[in-house]
J.: 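Following this message is one structure expressed as structure tokens.
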2 protein chains.
Amino acid sequence: MEQTVTLDQVARRAGVSSSTVSRIINGTARVSDAKRETVIRIMAELNYRPNVLARSLASGRTMGVGILTQDISSPFYGSMLRGIEGALQGTGYHPIFISGHWHLQEELEAIDFLLSRKVDGVIVLGGGVPDHRLQEVSRQLPMIVLGRTVPGLEDQCLRLDNRAGAYEATRHLIELGHRSVAHIAGEPTHRDAQDRVDGYRAALEDAGLTFDADLVQPGDFHEAAGFLAATRLVDGRKVFSAIFAANDQMAYGARLALHRKGLRVPEDISLVGFDDLPGSMYTTPPLTTVQQPVEDMGREAALGMLRLLRGERAEVARLDVRLVLRESTVRRRNP
Amino acid sequence: MEQTVTLDQVARRAGVSSSTVSRIINGTARVSDAKRETVIRIMAELNYRPNVLARSLASGRTMGVGILTQDISSPFYGSMLRGIEGALQGTGYHPIFISGHWHLQEELEAIDFLLSRKVDGVIVLGGGVPDHRLQEVSRQLPMIVLGRTVPGLEDQCLRLDNRAGAYEATRHLIELGHRSVAHIAGEPTHRDAQDRVDGYRAALEDAGLTFDADLVQPGDFHEAAGFLAATRLVDGRKVFSAIFAANDQMAYGARLALHRKGLRVPEDISLVGFDDLPGSMYTTPPLTTVQQPVEDMGREAALGMLRLLRGERAEVARLDVRLVLRESTVRRRNP
DNA sequence: TTGTAGGCGTTATCAA
DNA sequence: TTGATAACGCCTACAA
């Protein structure tokens, strides 16, 4: 066990007071060049490492930003975390990740955890924490919310237009001549999922097509649900020539189900996803999907947080979704 | 901004000393039921939250376990982190993730960061930190290493037999009648990648097949590299009827390249991956691959860490890889 | 069983 | 420009 070198020891060895050493470390005030140099030398000699805990306790700042995510291992959240990580890099602030696993109780505990760790700010990625709790938290420290809008905190919330993305995806299929487009919906309690159904429905109706509830299959954003939903669709008595899945992971599942049923993508069935996960460029065929600038969202959130920490306004940038055309969609054979 | 309630305030309000409150919180000593009850009541009333920083500074323990990973957003590391998270859940210890991004300098800084945060232990997931540095760290606090073996710290290291996995994957292809099996290698500096080439080669030679360097294409564990490698293989003048990719992500890329070249999997080319990522069950066709119990590895590492923290030996369990047969491999047509 | 007092390693306030 | 000195919030002998 190495001995921990304290600031006091450095001070004593350098023949100055501890305050002087502290000032040199933090650049809090002017210090004579002579003393500065010796202190810096001694610090190096002793391999001095400031104790972050003590420093935080005394200063009231931890330089930590709490990130409440749902699932650290999901490709979607992973990219977002990467964006956050990147933006914080080199700022002195660092992220502290904790996941709620789509479980309200865990999420609430996670927030308590972050507060008890005295993070300087919190970034919340979606989830189900009630608005009022987030409003409380926001009263205590800087907060940015991704993927939902909290009343009263609109300018700290970064949301994408899921409805528009779904609308565009569906319209794309309609423009390719598909008159009967199925939808595999996301986790029903999830706001994004609802918005995507809305966009899907609006596109149908704007094109003069009737919305058919039988063509909307429930799902939960995971591959298995997509597989089952597509299987049900194929086995059902409704005909359809295209599927819009509420996210890429379900599109993967659906794609396999179609394969199992002997249906080709896109020759027999066109398929569109949502998210543009890293893997979607490499599915067979590569997936047409609605691209969310996930990593950018993370970055924007972090930049907004840095602004809040400087006492400025968050001013999170508006980010757009866009449809990425690849090879899983094609003009309908017999229009 | 809400006022922070301190332990002292609770004590005063409850008419006891602060030590008594501390004892109740930590269960350090017997306290009369009467006092205990009122203190607990007051804590609830005041919504008291212990200050973790102060607690750690005083006690010398932070209850934090540092996790040095390479890439928080990779599906591979994601699953591992999930395993760690799960095992730590409810133990009072909590993970602190930080990623080195496959970059030595960042990794070294990450370790310094964790040490300066005074974590109680460190779990290192692979990476390139030199052995001697890890040995130093291990002298300061409990450490578990995943994916590599550090001399002198063997019983704190959890490694899988990559060579055996690759051997088995290759042998599987050979047993299906494939006489010419190509390999897409992983990041060359990565120990696992080397072991997998070794296993591939050994399986060939044990079967009396000659190792052909032209059939081994370099890669880096990402989809794009797999795509390029497979393209090169097809365009090359060597014939082959099967590919063993050093990981699933490259297998995905290879699968798309084959699709582009009009080659079917598995009818024309059999394909095997390594890792068994969550998505590999849903590729078309589902991918035959070597399953690494990634989440289990994370769990075992965390359990080992908990043992070290209790002062026991790490005794990390041995975990095996196994070949998962799916639909991307099939008996060779004209043996 | 309870309280007092000192300490954990820094920062911040005040004088000097 | 510097140095005492008092926080920061909690834990832990030691004493009662």
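Because the structure is predicted, anything quoted here is derived from the model rather than measured. When reading the values below, keep in mind they use all heavy atoms of this one structure, side chains included, and skip hydrogens, waters and symmetry mates. Every chain is numbered from 1, with letters handed out A, B, ... down the list of sequences.
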J.: Pick base, sugar-phosphate or nothing for B/N26, based on heavy-atom distances below 4.0 Å to the nucleic acid.
T.: sugar-phosphate

J.: Output all residues satisfying side chain to side chain donor-acceptor pair (under 3.5 Å) with A/R159, sequence neighbours left out; order by chain, then residue number.
T.: A/D192, A/D195

J.: Does any donor-acceptor pair link the side chain of A/S18 with the base of C/dT10 at a separation under 3.5 Å?
T.: no

J.: What nucleotide among C/dC8, D/dG3, C/dG3 has an atom nearest to a side-chain atom of B/L57?
T.: C/dC8

J.: Would you say B/S17 reaches C/dG3's phosphate, i.e. side-chain N/O to OP1/OP2 under 4.0 Å?
T.: yes

J.: Considering only heavy atoms from C-beta outward, does the side chain of A/Y48 approach that of A/Q9 to under 4.5 Å?
T.: no

J.: Under 4.0 Å between a side-chain N/O of B/K118 and OP1 or OP2 of C/dT10, yes or no?
T.: no

J.: Hey, which sits more toward the 5' end of DNA chain C by its nearest nucleotide, B/V16 or A/S56?
T.: B/V16

J.: Can you figure out which of C/dT10, D/dC10, D/dT2 approaches the side chain of A/K35 most closely?
T.: D/dT2

J.: Which of these nucleotides, D/dC14, D/dT1, C/dT11, is closest to any side-chain atom of B/R23?
T.: D/dC14

J.: Picking from C/dG7, D/dT12, C/dT10, which would you name as closest to the side chain of A/L7?
T.: C/dT10

J.: Rounded to the Å, how far apart are A/L53 CG and C/dT10 C1'?
T.: 11 Å

J.: So, is A/S32 close to the D/dT2 phosphate, meaning a side-chain N or O under 4.0 Å from OP1 or OP2?
T.: yes

J.: Check whether any side-chain nitrogen or oxygen of A/S22 sits under 4.0 Å from OP1 or OP2 of C/dT11, and answer yes or no.
T.: yes

J.: Quick one: is C/dG9 close enough that its OP1 or OP2 comes under 4.0 Å of any side-chain N or O from A/R55?
T.: no

J.: CZ of B/R36 versus P of C/dT2: gap in Å, rounded?
T.: 9 Å

J.: Are a donor atom and an acceptor atom from the side chains of B/H101 and B/E107 found within less than 3.5 Å of each other?
T.: no

J.: Nearest to the side chain of A/S59 - C/dT11, C/dT10, D/dC10?
T.: C/dT11

J.: Round to a whole Å and report the spacing from CG of A/D8 to P of C/dG7.
T.: 12 Å

J.: Verify whether one side chain among A/S19 and A/S22 offers a donor that lies under 3.5 Å from an acceptor in the other.
T.: no

J.: Using only heavy-atom distances, decide whether a donor-acceptor pair under 3.5 angstrom links the side-chain of A/S19 to the base of D/dA4.
T.: yes

J.: Look at the side-chain N and O atoms of B/N51 and state whether any lies under 4.0 Å from the OP1 or OP2 oxygen of D/dC8.
T.: no

J.: With rounding to the nearest 0.5 Å, note down the distance linking CG in A/N51 to CZ in A/R55.
T.: 9.0 Å

J.: Under 4.0 Å between any heavy atoms, over every strand shown, what does A/R49 touch: base, sugar-phosphate, or nothing? Just pick one.
T.: sugar-phosphate

J.: From the options C/dT2, D/dG9, D/dT12, select the nucleotide whose nearest atom is closest to the side chain of B/V31.
T.: C/dT2

J.: How long is the straight-line distance from CD1 of B/I40 back to CD1 of B/I25, given to the nearest 0.5 Å?
T.: 9.5 Å

J.: OP1 or OP2 of C/dG3 sitting under 4.0 Å from any side-chain N/O of B/T20?
T.: yes

